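Everything numeric here is computed off the predicted structure, so don't read it as measured data. Computation of the quantities below employed the complete heavy-atom set of this structure, encompassing side-chain atoms and omitting hydrogens, waters and symmetry-equivalent molecules. Just so it is clear: chains get the letters A, B, ... in the order the sequence lines come, proteins before strands, and each one is counted from 1.
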2 protein chains.
Amino acid sequence: MPTTIKDIARQLRVSPSTVSRALNNKPGISKKTVSAVNMIAQKLNYKPNSVAVSLRQHRSNCIGVVVPKISNHFFSEAIGGIQEIAAKSGYQILISQTRDGVEEEVNAINALNSGRVDGILLSIGAEVKNLSHIKALSNELPVVLFDRVTTKFDISCVVAEDYDGAYRLTKYLIKSGRKRIVHLAGPRNLEIIDARYRGYRNALSKHKIATRNRLVVECDFDVQKVDQAVRDLVVEGIEFDAIFASNDDMAVQAILTLEQLGIKIPENVAVAGFGNYAVSNIVKPKLTTINHQPRKMGMLAAKTLIKEINCDRNTSQLKVSSELVIREST
Amino acid sequence: MPTTIKDIARQLRVSPSTVSRALNNKPGISKKTVSAVNMIAQKLNYKPNSVAVSLRQHRSNCIGVVVPKISNHFFSEAIGGIQEIAAKSGYQILISQTRDGVEEEVNAINALNSGRVDGILLSIGAEVKNLSHIKALSNELPVVLFDRVTTKFDISCVVAEDYDGAYRLTKYLIKSGRKRIVHLAGPRNLEIIDARYRGYRNALSKHKIATRNRLVVECDFDVQKVDQAVRDLVVEGIEFDAIFASNDDMAVQAILTLEQLGIKIPENVAVAGFGNYAVSNIVKPKLTTINHQPRKMGMLAAKTLIKEINCDRNTSQLKVSSELVIREST
DNA sequence: ATGAAAGCGCTAACAG
DNA sequence: CTGTTAGCGCTTTCAT
């Protein structure tokens, strides 16, 4: 049995309240008592029971993090940033993954929303369409969405410059002479994916380039679909001179497939992604992309949540800047 | 204020214990009461307070995970596996990262070892030499080490076939005609890294190849050191026809550096890594490596810990098989 | 400067 | 089948 505050009190023949006060540097305890308490606490290897503290204080000093997939490059980086900020502010982080599923997201949220955490960071799963569970959650607990967010109701969000990034990237492709730009899109119901798509479309129309439906292929985030999509385009003889994929993983797959088909990058087809994942600098040719700054997004989201937990009850919509990173693939 | 069991009891004019029993499907409650309780619970949006439950039951249904770096490919995959098993068994996971530091590891452990978790999964930081905090921890709580383990005292561990994998890989390099094999080592005080080094050495000596100290370079996990090490070897005119790096990130860096130096892979120098990270299949030439199975290791570690939490107090040393994956770089 | 008492929300032994 | 009581470990009034 671990040592409790009572054990210390008994040994010193003082009351538990005195021990508690001494341990927590509360005013009104004599120096002598304080040091005696600390002595015994050390000797008995006392560790405060944080569960009891949480119950008493209505505050767990934990934050929940719910993401589709922990091992995804973007999320693991973001979680790293979240953890760093959390630790600095005295919070632990509780992590769940949803594999993009609705039921799993609901379950993860319910498991956390039970006094276990003081707030939740959430990135919405790709298959989630009905957002009522998120709205309900945000009425009970501080919630900050990051990356996979919604603007359908008022809730704090941290996003990248998805629209602007995609616009800038597409513009750059156009300026470098590309006219038939394929877009390999992610799941359209995710707002950030739609934003990237709109950035692409608007850049085209601003530069008087007709948008062709055949050049836009929805591949979810599935690299197999990317492979197939690229092959289909080539087999069907659709002309294209660039590919802009909704994320780097998809772009890398496009590069691998094009290479297998003997198509030269960037001579015949330029390829660009979104994210600036580690692979983008390793694949050959190195990938032009948008720097997504996952770590920074995670940190900002964590800071925002912690601020809200500590009683700032205003929602905030924040954007992390995203720069164009030009490499060999374009 | 969230609904409590008392609120439900009051509305139904029954006692809190009855409500508790009804909610938890304990025997001896009439169907009628059970359904009435569930009705009201739903109506009042009741959520059990898991902090109170934990306090009462001396059991948090949480497990702690401490790793050097969450965003590291190996660890993020492992954590994904851990989370999956944990969720299936009704556990939440609390994650900390240590950035390989001693103080941070001690702090992370202390923060978790306070009734917050029922057990801990730990991967030892690279700078940690004195293991007393781990030994102490394992006397208070079930602990399972994974990957970065110690065999200095009796504690449960899950590792890959580090020695065997390195041995097999080196043997394969020798069989394919390589004689002067450089080893880019990680931090030697990590047992798994030492095991890989021993596998390399023993394969050489079994095949009557002299081991040369100059061919073994300790690079920690630092890709910059790898870059420098490879350049130094070349500048100094040291002859070598293969490089075996202690992990894939290092091997990838070796490939990039060799390429910059105009050295052909695998014609002039073969390169092999350890880990089978995602990049190993994307870098060009594709990397020969050892499949480390991080996800599987995480899952196995989690299963082992959960078993120990549920009263199996025997330690177990487990190995996850590691196969040689031959690709273009050798 | 310290103690006594109450209570956070829940469960479980005991009693009926 | 249900209620009463006690208590998990801690903090926090309210006394003294």
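- Residue contacts for A/Ser54: at a heavy-atom cut-off of 4.0 Å it reaches no nucleic acid atom on any strand shown.
- Contacts of B/Arg59 with the nucleic acid, taken as non-hydrogen atoms under 4.0 Å apart, are absent.
- When distances are taken from the side chain of B/His58 to each of C/dG9, D/dC1, D/dG9, the shortest belongs to D/dG9.
- At C/dG3, one or more side-chain N or O atoms of A/Ser15 fall inside 4.0 Å of OP1 or OP2 (strictly under the cut-off).
- For the pair B/Arg10 CZ and C/dC10 P, the computed distance is 12 Å after rounding to whole Å.
- Rounding to the nearest 0.5 Å places CD1 of B/Ile85 at 8.5 Å from CZ of B/Arg295.
- For the pair B/Leu12 CG and D/dT2 P, the computed distance is 11 Å after rounding to whole Å.
- In this structure, the nucleotide among D/dG9, C/dA1, D/dG3 sitting nearest to the side chain of B/Thr18 is D/dG3.
- Contacts of A/Val51 with the nucleic acid, taken as non-hydrogen atoms under 4.0 Å apart, are absent.
- Between the CD1 atom of A/Ile29 and the C1' atom of C/dG3 there is a distance of 10 Å, rounded to whole Å.
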(request) Give the intermediate values and the outcome of side-chain contact (heavy atoms from CB on, under 4.5 Å) for residues B/Phe146 and B/Thr304. (result) CA-CA 10 Å; B/Phe146 69 103; B/Thr304 308; over 6 Å; no
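- Checking each of A/Thr4, A/Ile5, A/Ile40 against A/Val19 for a side-chain contact (heavy atoms from CB on, under 4.5 Å) leaves exactly one that passes, namely A/Ile5.
- With rounding to whole Å, B/Leu23 atom CG is found 15 Å from C/dG9 atom P.
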(request) Apply the test side chain to side chain donor-acceptor pair (under 3.5 Å) to residues A/Thr18 and A/Ser15: give CA-CA distance (whole Å), side-chain angles for both, the deciding distance (0.1 Å), then the verdict. (result) CA-CA 5 Å; A/Thr18 302; A/Ser15 73; 3.1 Å; yes
(message) Return a single string for nucleotides 11-16 of chain C, one symbol per nucleotide in 5' to 3' order, where B is base contact, S is sugar-phosphate-only contact and - is none, cutoff 4.0 angstrom on heavy atoms.
(response) BBB---
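- In this structure, B/Leu55 places its CG atom 9 Å from P of D/dC8, rounding to the nearest Å.
- The nearest whole Å value for the distance from the CG atom in B/Asn113 to the C1' atom in D/dG9 is 16 Å.
- For the pair A/Asn49 CG and C/dC10 P, the interatomic distance rounds to 17 Å; values are reported in whole Å.
- Residues meeting the ring pair (Phe, Tyr, Trp, His ring centres under 6.0 Å) test with B/His292, sequence neighbours left out: B/Phe74, B/Phe274.
- Residue A/Glu140 places its CD atom among more than 12 non-hydrogen atoms of other residues, nucleotides or ligands, all under 6.0 Å distant.
- Residue B/Lys47 qualifies as enclosed at atom NZ: its count of foreign heavy atoms under 6.0 Å is above 12.
- In this structure, B/Lys6 places its NZ atom 11 Å from C1' of C/dA6, rounding to the nearest Å.
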